[in-house]
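If you read the sequence from its start, that first residue is 1, and numbering goes on from there. Here the structure is a predicted model, which is why all the values come from computation and not from measurement.
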Amino acid sequence: MIQSQYEDYFKQRDNTSYNFRHNLSVYCRKEANSPLDAINLAKDIIGRMSKEEQEKTRVLLNKIKKQDESINQFLVRTYFEAIEAVPLNEELVKQNNKDNKIARPFYDTISTNGQKVDKDSSLKIGDTIENIAFNMDKVFGPGKEKIYETVTVISASKEGNSVVLMDKNKSFYEIPRDELLAGYEKQQEKLHKAEVQHQRRNSLEIER
């Protein structure tokens, strides 16, 4: 990679509103394992700006985001565009290999497809969960915003109360095991009720 390309991909610039998106992209390529990391990185970058630059950044992001996007959704899109532009090499692949994410200092870590995450749950390693919601702080102002992802379960530990998830872009998310199981069971209950209602409607239509 020539020097100008390297600096464009991996060298940060002055921490100003004008350079915010470039700097966030650089940090995403170096440090982020998921879009959620990108939102936290954005908060850190903005937090180190002067009050004047923070306000300029808020105004700028509201101007350049799509009409139907929130700022957090814009940051998620920035993350995916940033990592897509990175020229993959063997070292980068090894650093982000899911085996590295599976390794945990807990004796009970499971990572084999088909193993149950918990004896009282139907959730297994290798299962895909659609529309899992992550509550993220808004970058500007109070409040939280839900970010939805479709992910695969790749490892879990009861002792460490952790589950590692991976999305289709091989971004990683580590969340509390008990929180995931509770949310998954609620999701399954809703899906089951919806399926029962659908079957009832079909049955009534047939009887007519």
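Between the E31 side chain and the C28 main chain, no donor and acceptor come within less than 3.5 Å of each other. Side-chain N or O atoms of E69 include none that pairs as donor or acceptor with a backbone N or O of R77 at under 3.5 Å. Side chain of Q54 to main chain of M49: a donor-acceptor pair is present (N/O by atom type, distance under 3.5 Å, no hydrogens or angles). Formation of a donor-acceptor pair under 3.5 Å by the D118 side chain with backbone atoms of D120 is found in this model. Under the 3.5 Å distance criterion, the side-chain polar atoms of D37 are matched with a main-chain donor or acceptor of N33. Counting only distance, with no hydrogens or angles, the side chain of N131 and the backbone of E149 share no donor-acceptor pair below 3.5 Å. A donor-acceptor pair under 3.5 Å links the side-chain atoms of S70 to the main chain of Q73, judged by distance alone. Using modelled atom types, no side-chain atom of R177 and backbone atom of A156 make a donor-acceptor pair closer than 3.5 Å. D167 places a side-chain N or O within 3.5 Å of a backbone atom of K170 that can act as its donor or acceptor partner. Using modelled atom types, no side-chain atom of K124 and backbone atom of V117 make a donor-acceptor pair closer than 3.5 Å.
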Query raised in the report: Going through the distances and angles, do L180 and I129 end up as a side-chain contact (heavy atoms from CB on, under 4.5 Å)?
Result: CA-CA 10 Å; L180 175 67; I129 308 174; 3.9 Å; yes

Report task. Go through the steps for V151 and T128 under the test side-chain contact (heavy atoms from CB on, under 4.5 Å), then give the verdict. Result -> CA-CA 6 Å; V151 294; T128 296; over 6 Å; no

Query - Steps toward salt bridge (charged side-chain N to carboxylate O under 4.0 Å, His left out) verdict (K51, E55) - result: CA-CA 6 Å; K51 294 294 183 183; E55 179 58 21; over 6 Å; no

Report task. Evaluate the salt bridge (charged side-chain N to carboxylate O under 4.0 Å, His left out) criterion for residues K56 and E52: first the C-alpha distance (whole Å), next the side-chain angles of each, then the deciding distance (0.1 Å), finally the verdict. Result -> CA-CA 6 Å; K56 285 182 180 178; E52 182 182 359; 3.6 Å; yes

Query raised in the report: Passes side-chain contact (heavy atoms from CB on, under 4.5 Å), I154 versus F172? Steps please.
Result: CA-CA 10 Å; I154 63 171; F172 297 100; 3.7 Å; yes

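What you find for H22 and K11 is that their closest heavy atoms are NE2-O, 2.7 Å. When every heavy atom of E53 is checked against every heavy atom of S17, the shortest pair comes out as OE1-N, 2.8 Å. The heavy-atom pair separating K138 from N72 by the smallest distance is CA-ND2, 4.0 Å. Summarising the geometry of T150 relative to E130, their closest heavy-atom pair is OG1-CA, 3.8 Å, with the distance given to 0.1 Å. Here the closest non-hydrogen pair linking T109 and S155 is CG2-CB, 4.4 Å. Across all non-hydrogen atoms, the minimal contact from S157 to D108 is OG-OD1, 2.9 Å.
You'll find the side chain of S171 reaches within 4.5 Å of the side chain of P35, heavy atoms only. Contact check for E145 versus M136: no side-chain heavy atoms found under the 4.5 Å cut-off. At a threshold of 4.5 Å between non-hydrogen side-chain atoms, the residues I71 and L75 count as touching. At least one side-chain heavy atom of S25 sits less than 4.5 Å from a side-chain heavy atom of T78. The shortest side-chain heavy-atom distance between F74 and R21 falls under the 4.5 Å cut-off. Y27 has its side chain within reach of I45: a pair of non-hydrogen atoms, C-beta onward, lies under 4.5 Å apart. Contact annotation: the side chain of I175 approaches that of L165 to within less than 4.5 Å [non-hydrogen atoms, C-beta and beyond]. Between V163 and V153, some side-chain heavy-atom pair lies under the 4.5 Å cut-off.
Under a cut-off of 6.0 angstrom, the local environment of CG in N135 is crowded, with over 12 non-hydrogen atoms contributed by other residues, nucleotides or ligands. Atom NZ of K158 has 12 or fewer neighbouring heavy atoms from other residues, nucleotides or ligands inside a 6.0 Å radius.
Listed by chain and residue number, R48 satisfy the salt bridge (Lys or Arg N to Asp or Glu O under 4.0 Å) test with D44 (two or more places apart in sequence, or in another chain). Every residue two or more places apart in sequence or in another chain was checked for a ring pair (Phe, Tyr, Trp, His ring centres under 6.0 Å) with F140, and none qualifies.
No continuous path of ILVMFWY side-chain contacts below 4.5 Å connects M166 to Y148, so the two sit in separate hydrophobic clusters. Hydrophobic clustering (ILVMFWY, side-chain heavy atoms < 4.5 Å, transitive): I64 and V59 are in distinct clusters. When hydrophobic clusters are built by joining Ile, Leu, Val, Met, Phe, Trp and Tyr residues whose side-chain heavy atoms come closer than 4.5 Å, directly or via intermediates, V26 is not grouped with F20. Clustering ILVMFWY residues whenever any of their side-chain heavy atoms sit less than 4.5 angstrom apart, transitively, puts V76 in the very cluster that holds L61.
A donor-acceptor pair shorter than 3.5 Å can be found between the side chains of S121 and E185.
We find the CG-CD1 distance between D137 and I39 to be 9.5 Å, quoted to the nearest 0.5 Å. The structure places CZ of F134 at 12.5 Å from NZ of K146, a figure rounded to the nearest 0.5 Å.
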